[in-house]
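One is the number of the first residue; the rest follow in order along the sequence.
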Amino acid sequence: MINMIQNAKDQVLALTEKACAAAVAAGKLPGDVAVQAGVEIPKDPANGDYTTTFALAAAKAMKMRPREIAEILLENLDLTGSYFASAEIAGAGFLNFRLSPAWYAGVLSAVESEGEAYGRNEALKGQKIMVEFVSANPTGPMHMGNARGGVLGDTLASVLEANGAQVWREFYVNDAGNQIEKFANSLEARYLQIVLGEDAVAFPEDGYHGDDIRELAQAYYDEHGDSLKDVSKEERHAALAKFGLERNIPKMQSDLRRYKIEYDQWFFESELHSTGYVAETVDKLTAAGYTYEKEGALWLATSRILEENARKEGKSEKDIAKLDLKDDVLRRANGFYTYFAADIAYHRNKFEKRGFDKVINIWGADHHGHVARLKGAMDALGLDGANRLDIVLMQLVKLLRDGEVVKMSKRTGKAISLTDLLDEVPVDAARWFFNAKPDTQMDFDLGLAVREDSENPIYYVEYAHARICSLLRNLDSEGQAVPAAADVDAALLSGETETALIKQLSLFCEELRLAARDYDPSHLNRYLVDLAGCFHRFYTACRIKGEEPALLAARLKLADETRSVLKNGLALLGVDAPEKM
């Protein structure tokens, strides 16, 4: 895949090294000197398009002043056939390079030749990566945290795929354990209140109090009447939990599908228990010497595992003492395994049974204390949790309307769920806004999300795409088709807004790489807003229709390639690129 920024950086280094070799051959610079030099893009365009610190890095070994080295390099620099028109010295010895039309033409050619694949690379080729996200308890409606985690996980998966990885999207269904028992207890109470009367049965204090529980209990009664009135508590719980899950899980699936999220697998926690995989995993930890019994329960020596890992990392005793280490129960005195035991088994399944090279979980920030413990358990099983398990912690979401925090749905009068949100805000707008930087708390402005002006970033970006499509239609109706890159004179695109737009097109490759490296797909949001801004400024400053043929063709090609990159970026976000607005 073509990355014109990287190509330019590589060429700067190659040209500088060639100039150095020529100077050494001429006896002007000492030979046998290894130089580790960097190439950067200056923040101020006055300092050129690319700069290298070669002379500064070589100064000590060559026992010469950096500027003297830079002057000799410049004398021996041959830019013939390169991406650069000129070079000059700046400051203490920086060597600054300025791009020629050849590089700008190369960007246009790359966007054209790669089309929908432009920006993609193979940096993660051969890596099998699972992204697990949302994994909400199936005991009630999904909330705002799930809405944010859904977009972050789905978009991150797309970004990793665009960087060459083989990606698997998974939802972990917690259909076993304490929360399901609480779910059954809650349903039982509401069901018996229907059968026996509201005052006949007390509702459990720690139960789920939402109206959805009442609705499920009523639905069961409507279908089955009082058939559970006289059966055992165990039978009643099993029947009600099964009934509730069979309705809640498909609802979650349809809500997420409406949100443009499809999973490769919905993995059920109950399968880990029924197959004996949780018990087997705990036995492995015991065999490795990391468990002990106390008060009838089986414990994982989490504190010892994390202390051992801290020492391997070279942490001081003082730092270790600050870790606030605690052990975890794996199996309670009543014989039931804890959620943590099942979670360990689940992640062992990911690595050992299904062979994922890397596992990425999207979690709420309130789970931060669980991160080191789970990684440590993987280490104890010999699965290298420290390097193979990554957790992306996302901060909370505040919904705002007219500057005020919103906690209740106007339509239902209940806490806002994902369904409520998508009834009020377009899916694409929700996906755009929730794809914010994970480690920052975000304010979701419901009013802004539906505005149709430049203050709304998704409208601003989509409008740029639609504006270009309208331009292309109008010119096509006049017989002016978009030319091939080879037929465009890139030297004509020399204005400030034109070169800025081409440079912005070239940055897409780099932003896509950084989004994968940082596990932060919001790189794409920021990039697309900048690209749309560059286009709007170009369109305002540079006339297309009515210009002389060669300039019209060049500007039309640039506009069309901007359309192509906007569409590529929006597709990775799971957002449509409208052709009319």
Salt bridge (charged side-chain N to carboxylate O under 4.0 Å, His left out) between K260 and D154: does it pass, once the steps are laid out?
-> CA-CA 9 Å; K260 299 186 182 180; D154 192 44; over 6 Å; no
Show the numbers, then the answer: is there a salt bridge (charged side-chain N to carboxylate O under 4.0 Å, His left out) between E223 and R247?
-> CA-CA 13 Å; E223 287 189 27; R247 279 145 188 79; 3.3 Å; yes
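Looking at F171, Y263, Y172 one by one, the single match for ring-ring contact (aromatic ring centres under 6.0 Å, His included) with F133 turns out to be Y263. Only one option out of V461, L528, D428 pairs with V575 in a side-chain contact (heavy atoms from CB on, under 4.5 Å); it is D428.
For the atom pair E511 CD and N525 CG, the distance stands at 11.0 Å (nearest 0.5 Å). A distance of 6.0 Å separates CG of L400 from CG of D445, quoted to the nearest 0.5 Å. Summarising the geometry, atom CG belonging to L418 is positioned 10.5 Å from atom NE2 belonging to H143; distances are rounded to the nearest 0.5 Å. Considering OH of Y337 and CD1 of I344, their distance stands at 12.0 Å, rounded to 0.5 Å.
A donor-acceptor pair under 3.5 Å links the side-chain atoms of Q179 to the main chain of N174, judged by distance alone. No donor-acceptor pair under 3.5 Å is formed between the side chain of D518 and the backbone N or O of D520. The main-chain N or O of K128 is found under 3.5 Å from a side-chain atom of D357 such that the two form a donor-acceptor pair. Looking at T302, its side chain never comes within 3.5 Å of a backbone N or O of R373 through a donor-acceptor pair. With hydrogens and angles disregarded, a donor-acceptor distance shorter than 3.5 Å links the side chain of K375 to the backbone of L389. Proximity of a side-chain donor or acceptor of D420 to a complementary backbone N or O of S417 within less than 3.5 Å is detected. Distance alone, capped at 3.5 Å, is enough to place a donor-acceptor pair between the R148 side chain and the Q395 backbone.
A donor-acceptor pair shorter than 3.5 Å cannot be found between the side chains of H367 and N361. At a cut-off of 3.5 Å, with distance as the only test, no side-chain donor of T286 or D283 sits close to an acceptor on the other residue. The closest side-chain donor-acceptor pair between D327 and S303 falls under 3.5 angstrom. For the 3.5 Å distance criterion, the side chains of D379 and N309 qualify, holding a donor opposite an acceptor. D222 and Q218 are linked by a side-chain donor-acceptor pair at a separation below 3.5 angstrom, with hydrogens and angles left out of the test. Between the side chains of N349 and R354, at least one donor N or O sits under 3.5 Å from an acceptor N or O.
In this pair, W299 and Y292 present their aromatic rings parallel. The plane angle is below 30°, not in the 30 to 60° band. Note: H224 and F243 have perpendicular aromatic rings, judged against thresholds of 30 and 60 degrees for the angle between ring planes. Between F434 and Y259, the ring planes lie perpendicular to each other; the angle is over 60°, past the 30° to 60° tilted range.
Proximity of F183 to D175: side-chain heavy atoms (C-beta onward) are nowhere separated by under 4.5 Å. Using a 4.5 Å heavy-atom cutoff, the side chains of L531 and L507 are not in contact. Side chains of P457 and F433 form a contact here, defined as non-hydrogen atoms less than 4.5 Å apart. Two residues are said to be in side-chain contact when any heavy atoms from C-beta on lie closer than 4.5 Å; E269 and V278 fail this criterion. Using a 4.5 Å cut-off on side-chain heavy atoms (C-beta onward), T155 and L572 make no contact. Side-chain atoms of M144 and L421, non-hydrogen and from C-beta on, do get closer than 4.5 Å to each other.
Classification of D423 and R258 as a salt-bridged pair holds, one side-chain N sitting under 4.0 Å from a carboxylate O. Electrostatic pairing of D530 and R526 does not count as a salt bridge here, judged by no charged N lying under 4.0 Å from a carboxylate O. One finds no salt bridge joining E271 and K353 here, because no Lys/Arg side-chain nitrogen approaches an Asp/Glu carboxylate oxygen to under 4.0 Å. No salt bridge links E308 with R311; every basic N to acidic carboxylate O contact stays at or beyond 4.0 Å. No salt bridge links R120 with E114; every basic N to acidic carboxylate O contact stays at or beyond 4.0 Å. A salt bridge links E132 to K350: one of the charged nitrogens lies within less than 4.0 Å of a carboxylate oxygen.
In this structure, R388 fails the cation-pi test against F356, since its NZ or CZ atom is not both closer than 6.0 Å to the six-membered ring centre and inside 45 degrees of the ring normal. Relative to the six-membered ring of Y191, R236 misses at least one condition, a distance below 6.0 Å or an angle of at most 45° to the axis. A cation-pi arrangement is not found for R451 relative to Y459, the charged atom failing to lie both closer than 6.0 Å to the ring centre and inside a 45° cone about the ring normal.
No more than 12 heavy-atom neighbours from other residues, nucleotides or ligands sit within 6.0 angstrom of CG on D199.
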